Structure formats: C-alpha cells, structure tokens
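Input: a single structure, listed below in structure tokens.
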Amino acid sequence: MKVFITIICWCFVLYTNGQRCSMIGNAKQFNLSISSVESGEKVISNGRDTLKDEVIVIPVVVHVLYHNSAQNISDEQVLSQLLVLNNDYRKMNADTLNTPGAFKNIAADTRIVFCIAKVDPNGRYTTGIIHKYTNEELFLSDDEMKLSATGGDDAWDSKKYLNIWVCNLFGRTLGYGVLPGGAANKDGVVIQYDVFGTTGNVNAPFNKGRTATHEIGHWLGLRHLWGDGVCGDDGVSDTPPQQTNNSNCPVFPHLSSCSENFYGDMFMNYMDFTNDACMNMFTQGQKNKMRSLFALGGARNSFLSSAVCDSSLAQAGPLPADTAVSTNDIAVYPNPFTNQVTISSKNGADAVVKTARIYDITGKLFLLQTLQSQKTSLILNGLPKGIYILKIDGGNRTHIFKLIKQSSL
C-alpha cells in the first residue's frame, strides 16, 4: 500500500520586512511528498488523457466560515478572486507587462481555468459559495476548518471540486495549501478572509488575490522556487536558482549567492513570497508540471470528467455517477469527436421521443434536436474545439454525457 505524506504550506502576512510563507515538516517528509508527484507515480483512473492544448476546467466551491460580519465576505469578493485566478493562470493579467524581458519568452499561459460550481454533490443547484457561521473565533493551520465536527465545513468530493476554505486564521497566517496525494476530506486550500480577492474586505499589500494563486499552485504540485532549502531545487528547469525567498518588491535584476546569470531571481513568479503587486507569471516548466497532474493516471485526472459547473445539469435527483459515453440505455460515440456524434438507443423497442441538448461549460445552449429513431447522428462541425455537455431527456430518465470536440483534420 502506498503512503502519501502531505506537506502543508503555512503563509504569514508580514506587513514589514520578512517572509510571506514558510514550509513546515522536516526535509525527509517534504522530499517523500514531492517524490510521489514528480516521479510520475500513477493513480488508478478510469478517465481519459488530456488533449493537446486542451483548456482544463477546475470547478471550485468556496466555504466562507465567519464568526462576525467582517469575516462573512460577500459573494462579489469571492467572484473577484475567481477572476484573478483565471487571469493569472491564463496569462491574461494586466501586470504581465511588468514581466522582465529576460523572462518573457518563458512566461506561460497554463491553459487552466476555474469556474464556480453550479451543481452540488447531491445534484442540486448551488451558487458554489457556502456561508457558514462558526463558533470558532479563529482557526489554527491544523485543518479543523475543513471539518464540520470541529467548527468548519466538510469538503465536497475532492475528485470533482477544488475546495477553498476562507476563514480567520491564527496570527498573521495568510493561508496554506496541500500537495496532491493527501487525505480526500482535507484536499484543497485555506485562505485568510481579508486577502481573498480584490474587492471588499482586503488588506494591502496582499489585496490582489495572489495568495490564492500561490496556494493553488501548491495544490497543483508546485514547490517554492528555492526548493525550501538554501539554493534548493523546485524541480522545474526554467526557474533560475535562488538562495531563499524574496519579500516586498525587489528591483530587477536581483542577484543572490546562487544566481547563475545576470538576471538573478525570478521574484515576480507566483511561487515566491513577494507582495501581490510584484507577482505576474508562471513559467512554461511550471505549466507542464501542473498540467501533468491531469494526464491519464495523474492525481488530478478526475477533474477532466467533472461537469459540475453547468447549471443546466442541476436536477431534483442526483447526477449520474459519472459522465461516461454510455449508459444502460444509450451509447454516444465517438468521443472525442470531430464533426459528428451518434446517439444510439440500445433498446430498439423504446419508442419514447427524446430531446438532445448540447451546452458548453458556461451553460450556453448550442443545439436542440428531437430524437425519434433508434440511432441519430448529430452534425456538429460548426462547434469550436472544447468541452461540451450532452443532455438527453425523455421517458423517466435524464442522460448526461461529457463530450470533447477536437479540431477537424
């Protein structure tokens, strides 16, 4: 039996000089945890592999835990954080203009996006934002906010949702994240309520949402740039060596004892500890490392079949157990597809008229067609490449499938 050791990143808000985040746990534990991510270790999966240039969609549920009104941040503040994440991970952040010329050619669009969940684990509609009163005035960084039994809120299925807990953390703690491979009921990230998002109750210099960008980087397998040791190794070849963490806003170039060239530290990288306004990039190597978790057998592969951001799938009863391309009654093929999809009823005697609808992941309806025969082909060559949801209604059941549109040859 494989044993995973999860290391937690504890981040500290220091409004004066000092470090922003520190790694706890001894070096042996940390190396064991990282090895399970970096060695290509596989987990059992019945999913599919990623497609070339696929935009990976990560559904998010935010657990807002509050003891007073200041901690009960608004939905607007939560959504402002989602906007930051999508801009940062797609290299659409306005401050990418501040990336030094020496690093611009390796600054990466990770092709990872985040969406607020619209379907809860019971198949019901949700806003994806939970507001819950807690008797706890503050939480230590010991995962108690992740459990209802200890004043927190239980995680949603961590194979379908990225759980983010927003609460009041002890002392000057900004937040922490866990590496892949930990306990499912504690998988996710924790963020201090007044550094989450860009509007509402946020405090400078951590008021641009980069704490969540950083901690989700850990959730996606990234280490700190200095490898949490003096001139250590973060396991990514295109992040230059640096002696230790940086804080505040250094001036480029910023050299350290282990700098190998004139450019020095990549202190503007999201995985350093500088102020929010000084962070603006991931590298191509970091992109590849994060995306590798979604490959077939990877620790985050299950997210490729999570369709919980589509509100049209919310229904009175639970969703199907998965979004495979066949059920006991209906088969849909091929998947992935290029120009058309065939829907075949396995029961030739089934004379019930069915309706097929195809949506994109935002819930936009692209096709509505009545199915009146045992086999029907849908011509879909006009659809852009991407991920779609096929919903078939008729009789006493609703069938839901996740489809992948590839580029035409």
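Remember, it's a predicted structure, so these values are computed and weren't measured experimentally.
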Practice task
List the steps, then state whether side-chain contact (heavy atoms from CB on, under 4.5 Å) holds for F401 with K391.
Solution key: CA-CA 7 Å; F401 304 91; K391 185 177 182 181; over 6 Å; no
Practice task
Check whether more than 12 heavy atoms from other residues, nucleotides or ligands sit under 6.0 Å from atom NZ of K375, and answer yes or no.
Solution key: no
Handout entry: Heavy-atom side-chain contact between F337 and K405 under 4.5 Å
Key = yes
Exercise for the section: Indicate yes or no for a side-chain donor-acceptor contact from D157 to the backbone of K159 under 3.5 Å, with no hydrogens or angles considered. Expected result: yes
Exercise for the section: Using the six-membered ring wherever Trp is involved, compare the ring planes of H224 and W226 and label them parallel, tilted or perpendicular (cut-offs 30° and 60°). Expected result: parallel
Completion exercise
P336 meets the side chain to side chain contact (heavy atoms under 4.5 Å, CB included) criterion, sequence neighbours left out, with L51, I404, Q406
Problem - Ionic contact status for D154 with K132, cut-off 4.0 Å - result: no
Practice task
Kindly write out the residues that satisfy side chain to side chain contact (heavy atoms under 4.5 Å, CB included) with S377, not counting sequence neighbours, or none if the list is empty.
Solution key: Q340, T342
Exercise for the section: Check side-chain hydrogen bond (donor to acceptor under 3.5 Å, both in side chains) between T199 and all other residues, then give those that pass, not counting sequence neighbours. Expected result: none
Handout entry: I216 and its side chain to side chain contact (heavy atoms under 4.5 Å, CB included) partner, picked from L85, I191, V60
Key = L85
Exercise for the section: Before giving the answer on side chain to side chain donor-acceptor pair (under 3.5 Å), spell out for Q242 and D272 the whole-Å C-alpha distance, their side-chain angles and the decisive distance to 0.1 Å. Expected result: CA-CA 10 Å; Q242 63 183 58; D272 207 336; 3.2 Å; yes
Practice task
Specify whether F282 and Y89 have parallel, tilted or perpendicular ring planes, treating 30° as the upper limit for parallel and 60° as the lower limit for perpendicular.
Solution key: tilted
Practice task
Would you please test Y388 and Y359 for ring-ring contact (aromatic ring centres under 6.0 Å, His included) and show each step?
Solution key: CA-CA 6 Å; Y388 294 88; Y359 304 85; over 10 Å; no
Exercise for the section: Give a yes or no on whether the backbone of T198 and the side-chain of S80 come within a donor-acceptor separation of less than 3.5 Å. Expected result: yes
Exercise for the section: Locate the shortest heavy-atom distance separating R48 from L304; write the atom from each residue and the value. Expected result: O-CD1, 3.6 Å
Exercise for the section: Check the pair Q286 / Y270 against side-chain contact (heavy atoms from CB on, under 4.5 Å), numbers first and verdict last. Expected result: CA-CA 10 Å; Q286 289 173 319; Y270 295 123; over 6 Å; no
Exercise for the section: Give the minimum heavy-atom separation between L403 and N335, together with the two atoms involved. Expected result: CA-OD1, 3.4 Å
Handout entry: Cationic N near anionic O, under 4.0 Å, K186 to E144
Key = no
Practice task
Give a yes or no answer on whether the side chain of T134 reaches the backbone of G151 with a donor-acceptor pair at less than 3.5 Å.
Solution key: yes
Problem - pair V113-I56: side-chain heavy atoms closer than 4.5 Å - result: no
Problem - Contact check, side chains of R223 and M271, non-hydrogen atoms, under 4.5 Å - result: no
Handout entry: All side chain to side chain contact (heavy atoms under 4.5 Å, CB included) counterparts of A70, not counting sequence neighbours
Key = N68, N201
Completion exercise
Residues at least two apart in sequence or cross-chain that pass side chain to side chain contact (heavy atoms under 4.5 Å, CB included) with Y133, listed by chain then number, are Y66, H67, N135
Problem - Check: P59 and S306 side chains under 4.5 Å, non-hydrogen atoms - result: yes
Practice task
To the nearest 0.5 angstrom, please state how far the OG1 atom of T126 sits from the CD1 atom of I116.
Solution key: 8.5 Å
Exercise for the section: Could you tell me which non-hydrogen atom of H63 sits nearest to which non-hydrogen atom of N163, and how far apart they are? Expected result: NE2-OD1, 2.8 Å
Handout entry: F170 ring center within less than 6.0 Å of F139 ring center
Key = no
Problem - Test item: D276 side-chain N/O and G209 main-chain N/O as donor-acceptor pair under 3.5 Å - result: yes
Practice task
Report, as yes or no, whether the 6.0 Å neighbourhood of atom CD on Q369 holds more than 12 heavy atoms from other residues, nucleotides or ligands.
Solution key: yes
Problem - Side chain to side chain, I389 and I358, heavy atoms closer than 4.5 Å - result: no
Exercise for the section: Could you tell me the separation between the SG atom of C167 and the CD atom of E136, rounded to the nearest 0.5 Å? Expected result: 10.5 Å
Exercise for the section: Could you go through the side-chain contact (heavy atoms from CB on, under 4.5 Å) check for I387 and K402 one step at a time? Expected result: CA-CA 7 Å; I387 298 173; K402 186 170 183 178; 3.2 Å; yes
Practice task
Return the minimal non-hydrogen interatomic distance between L169 and M145, and the atom names on each side.
Solution key: CD2-CE, 3.8 Å
Handout entry: Side chains of V332 and L390 in contact at under 4.5 Å (non-hydrogen atoms)
Key = yes
Fill in the blank from the handout: All heavy atoms of F267 vs all of F252, minimum pair found to be CZ-N, 3.7 Å
Handout entry: Geometric class of the Y263/F103 ring pair [parallel <30°, tilted 30-60°, perpendicular >60°]
Key = perpendicular
Problem - N/O donor-acceptor pair under 3.5 Å between Q77 side chain and G197 backbone - result: no
Handout entry: Student check: side-chain heavy atoms of L380 and L367 closer than 4.5 Å
Key = yes
Practice task
Work out which heavy atom in R291 is nearest to a heavy atom in T110; give both atom names and the distance.
Solution key: NH1-O, 3.1 Å
Practice task
Test N280 against every option in D88, T274, N98, T99 by the side-chain hydrogen bond (donor to acceptor under 3.5 Å, both in side chains) rule and name the one that passes.
Solution key: T99
Exercise for the section: Supply the atom-to-atom distance K160 NZ to D120 CG, rounded to the nearest 0.5 angstrom. Expected result: 10.5 Å
Exercise for the section: Taking the side chain as every heavy atom from C-beta outward, state whether R300 and D187 have any pair of such atoms under 4.5 Å apart. Expected result: yes
Exercise for the section: To the nearest 0.5 Å, tell me how far L138 CG sits from Y193 OH. Expected result: 10.5 Å
Practice task
Give a yes or no answer on whether the side chain of W165 reaches the backbone of D153 with a donor-acceptor pair at less than 3.5 Å.
Solution key: yes
Exercise for the section: Drop me the distance from K91's NZ to R111's CZ, to the nearest 0.5 angstrom. Expected result: 12.5 Å
Handout entry: Polar side-chain atom of N301 near backbone of F294 as donor-acceptor pair, under 3.5 Å
Key = yes
Exercise for the section: May I ask you to decide if N261's main-chain N or O and S259's side chain share a donor-acceptor pair within less than 3.5 Å? Expected result: no
Practice task
Show your working on side-chain contact (heavy atoms from CB on, under 4.5 Å) between N275 and F206 and close with a plain yes or no.
Solution key: CA-CA 6 Å; N275 294 348; F206 305 109; 4.1 Å; yes
Practice task
Examine distances only and state if a side-chain atom of N122 and a backbone atom of R124 form a donor-acceptor pair shorter than 3.5 Å.
Solution key: no
Problem - By side-chain hydrogen bond (donor to acceptor under 3.5 Å, both in side chains) - contacts of D95 (at least two apart) - result: N93, R210
Handout entry: Distance, nearest 0.5 Å, that separates NZ of K289 from OG of S237
Key = 10.5 Å
